[in-house]
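Below is one structure; the comments refer to it alone.
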Number of protein chains: 2
Amino acid sequence: MATRRFPTREELRVWRDFIETGELVRSAMAARLQKDGLSPGDYTVLLALSEAPGERLRSSELATAVGWERSRLSHHLGRMEKRGLIRREECLTDNRGAEAVLAPAGRAIFQQVNRPHLRDIREIFVDALTPAQLEAAGEIMAALREHLTRE
Amino acid sequence: MATRRFPTREELRVWRDFIETGELVRSAMAARLQKDGLSPGDYTVLLALSEAPGERLRSSELATAVGWERSRLSHHLGRMEKRGLIRREECLTDNRGAEAVLAPAGRAIFQQVNRPHLRDIREIFVDALTPAQLEAAGEIMAALREHLTRE
DNA sequence: CCAAGCTGATTGACGTGTCAATTATGCCCG
DNA sequence: CGGGCATAATTGACACGTCAATCAGCTTGG
């Protein structure tokens, strides 16, 4: 079969569903986190720092750990620092470097939020799908990623 | 089997893959549209207006057509108007109302961008998946949506 | 050694999205 | 008819993300 130039109506429908449902799911999760005053980004950063040795990471390591651009992380850490969730310290081994350190308030809110958040993942995502669908979802995401990075 | 309290490691992996892959795919598409100077939001609005009778819609109809909150639409239309992509006119039948009208520049850019965009959907999304995966994706999105609105 | 270039991180400008407040008009009931 | 409530839309404040520019410190080849 020759490569079709344009998607069919049905393919287009699935594409739009993919985009819109993704937005719906993310915003549903964001709303739940927001009740405890955290954004999804906040949670991501707090999780990474919580798991890091000494609850601290170089900015660049943190950036690759969460898959963000440096600049995005820098802005986000600035906001989190202002709220007292993290501290910034200079790096001893490289004077250019900066380290982000989990602050007490950050540790406290993370511990308070983590288990409810895991339950929310189950309620919003896992419980919505059959085991077969969940497996298929994993494969679909892998295929999309693979295809994207292959270009 | 009793309802598990927390997701398993594998379920968590799929959840994170779902979120991250969604972001990857959306940003890949955004990058392609950006080459023609359009954001995904711009495209959505231009598409809706192009298909509307008279290439015009009441703000509230446009909002429900694209599934946005009023306020978001208002901000976005403001930016698009500043760039000359749309015009705003008063509504004759309801003095509170406003209509968004496709401007010549908006029509031109949309016609220029639409076919390449459809090709991009095929390249980024459709071509990455087998027909079975595409069908499964549709069902998974439907299940997630259904589950969300059911709460 | 030291200038040139690379790397780590921050900053500013700007587009985008949400929430709450505001403005203006329509509509209904007493 | 007119006070009160609903509705249409906008606005302002702020969080978030990207891009390009910047700055400081490391590193290396001539």
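Just so we're on the same page: letters track the sequence lines, and every chain starts at 1.
Taking atom NE2 of residue A:H76 and atom C1' of nucleotide C:dT10, one finds them 16 Å apart after rounding to whole Å. Going from atom CG of A:L73 over to atom C1' of C:dT11 covers 14 Å, rounded to whole Å. The distance between atom CZ of B:R70 and atom P of C:dA24, rounded to the nearest whole Å, is 17 Å. Across the protein-nucleic acid pair, A:L24 atom CG and C:dG17 atom P stand 14 Å apart, rounded to whole Å. Rounded to a whole Å, the CG atom of A:D42 is 17 Å from the P atom of D:dC14.
There is no side-chain donor-acceptor pair under 3.5 Å between A:E90 and A:N95.
Map A:W68 and B:S74 each onto its nearest nucleotide of DNA chain D; the residue landing nearer the 5' end is B:S74.
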Between B:E23 and A:R26, does the salt bridge (Lys or Arg N to Asp or Glu O under 4.0 Å) criterion hold? Intermediate values first, please.
CA-CA 10 Å; B:E23 274 165 17; A:R26 274 177 301 109; 5.0 Å; no
Could you walk me through whether B:H147 and B:R150 pass side-chain hydrogen bond (donor to acceptor under 3.5 Å, both in side chains), step by step?
CA-CA 5 Å; B:H147 188 72; B:R150 174 176 299 280; 5.9 Å; no
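Within residues 56-64 of chain A, the residues approaching DNA chain C are A:R58, A:S59, A:S60, by heavy-atom distance under 4.0 Å. Non-hydrogen atoms lying under 4.0 Å from DNA chain D are contributed by A:D94, A:N95, A:R96, all within residues 80-113 of chain A.
Ring geometry, B:F18 versus A:F18: the interplanar angle exceeds 60°, so the pair is classed perpendicular (tilted spans 30 to 60°).
Salt-bridge check for A:R83 with A:D42: passed, with a basic side-chain N closer than 4.0 Å to an acidic carboxylate O. By the 4.0 Å N-to-carboxylate-O rule, B:E81 lies too far from B:R87 to be salt-bridged with it. Between B:R13 and B:E10 there is a salt bridge, since a side-chain N of the basic residue sits under 4.0 Å from a carboxylate O of the acidic one. Ion pairing between A:R58 and A:E99 fails under the 4.0 Å rule for side-chain N and carboxylate O. Ion pairing between a basic and an acidic side chain is recognised when a charged N comes within 4.0 Å of a carboxylate O; B:R122 and A:E11 show no such pairing.
A 4.5 Å side-chain heavy-atom check between A:S39 and A:L33 finds every atom pair outside the cut-off.
Listed pair A:R79 / D:dC16 meets the phosphate criterion, a side-chain N or O lying under 4.0 Å from OP1 or OP2.
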Pairs under 3.5 Å (N/O, protein and nucleotides 18-22 of chain C):
| unit_1 | atom_1 | unit_2 | atom_2 | d |
| --- | --- | --- | --- | --- |
| C:dT18 | O4 | B:H75 | NE2 | 3.2 |
| C:dC19 | OP2 | B:E69 | OE2 | 3.4 |
| C:dC19 | N4 | B:S71 | OG | 2.6 |

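Shown are A:M80, A:R107, A:Q111; of these, the side chain to side chain contact (heavy atoms under 4.5 Å, CB included) with A:L46 is made only by A:M80.
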